Amino acid sequence: ETGVTQTPRHLVMGMTNKKSLKCEQHLGHNAMYWYKQSAKKPLELMFVYSLEERVENNSVPSRFSPECPNSSHLFLHLHTLQPEDSALYLCASSQDFYRMVSPLHFGNGTRLTVT
Amino acid sequence: TQLLEQSPQFLSIQEGENLTVYCNSSSVFSSLQWYRQEPGEGPVLLVTVVTGGEVKKLKRLTFQFGDARKDSSLHITAAQPGDTGLYLCAGVVDSSYKLIFGSGTRLLVRP
């Protein structure tokens, strides 16, 4: 399998649930990203990992907790979410975070609905 | 603060028509990327421009980076239904590593 794979594709969870989103990249890239995509809003960068170290945390609430166990895998742990957290969560990778002309390769996202 | 303004937000045209999408900012970008996102999928890179005044062509798509590196445009000639999707511009703010996305232009090409 090639590219960036995200699971699950769809997730419905209650406000008291705990769930995790998974992302895997098979491109040999050094950087991985979590983005949030809401209707009529620009893509919002949430977290960036470069060589498994977190290099960016864009004031994201603590109910979102990222984990990067190795350069190929990225998780987003979800706990006590709010309905306004419902969105498409996109994972992406790039060759090198510090070389920003390198393009982002996105997964197909997880459509999250918080009830 | 929205650094990248895209216009129009939505465009519905007939197959065969031409169109231009704009991406504007008051900030200078060291590079700018255009992505297309189809329903149910993640964005896919179309092009990266890095030099002020640069023009790149990808079949029927022509991309231009403004001379001052603050704006960009995407022109599609003879649009086809397969061009339907959300077009996103994204710029790297000068002297930073941050990639900022515009809010997108949703294009519908009717057969």
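Since this is a predicted model, take the numbers as computed values, not measurements. Quick note on labels: first sequence line is chain A, next is B, and so on, each numbered from 1.
- Contacts between residues 34-70 of chain B and chain A, defined by a heavy-atom separation under 4.5 Å, are made by B/Y35, B/Q37, B/G40, B/E41, B/G42, B/P43, B/L45, B/T48, B/V50.
- Residue pairs meeting the salt bridge (Lys or Arg N to Asp or Glu O under 4.0 Å) criterion with at least one partner in residues 12-26 of chain A, sequence neighbours excluded, do not occur; the list is empty.
- B/Y87 is connected to B/L11 through a chain of hydrophobic side-chain contacts under 4.5 Å among Ile, Leu, Val, Met, Phe, Trp and Tyr, so both are in one cluster.
- A 4.5 Å side-chain heavy-atom check between A/F97 and B/L99 finds every atom pair outside the cut-off.
- When the side chains of ILVMFWY residues are joined at heavy-atom separations under 4.5 Å, either directly or via intervening members, A/Y33 and A/Y98 end up in a single hydrophobic cluster.
- When the heavy atoms of residues 106-115 of chain A are compared with those of chain B, the residues falling under 4.5 Å are A/F106, A/G107, A/N108, listed by number.
- Crowding of B/Q9 atom CD: a count of heavy atoms from other residues, nucleotides or ligands under 6.0 Å not exceeding 12.
- Under a hydrophobic clustering in which Ile, Leu, Val, Met, Phe, Trp and Tyr are joined whenever their side-chain heavy atoms come within less than 4.5 Å, directly or via other members, A/M15 and A/L21 fall into the same cluster.
- With a 4.5 angstrom heavy-atom cutoff, A/L45 does not touch chain B via any of its atoms.
- Within 6.0 Å of atom CD in A/E53, 12 or fewer heavy atoms from other residues, nucleotides or ligands are found, so the atom counts as exposed in its surroundings.
- For B/L32, no part lies under 4.5 angstrom from a heavy atom of chain A.
- By the criterion of side-chain heavy atoms lying less than 4.5 angstrom apart, applied directly or through intervening Ile, Leu, Val, Met, Phe, Trp or Tyr residues, B/I76 is grouped together with B/I13 in one hydrophobic cluster.
- Between the CG atom of B/L4 and the CG atom of A/L43 there is a distance of 11.5 Å, given to the nearest 0.5 Å.
- If you chain together hydrophobic residues whose side chains sit under 4.5 Å apart, B/V92 and A/L104 fall into the same group.
- Residue A/Q37 touches chain B through its side chain alone, counting heavy-atom pairs closer than 4.5 Å.
- With sequence neighbours excluded, no residue forms a salt bridge (charged side-chain N to carboxylate O under 4.0 Å, His left out) with B/D71.
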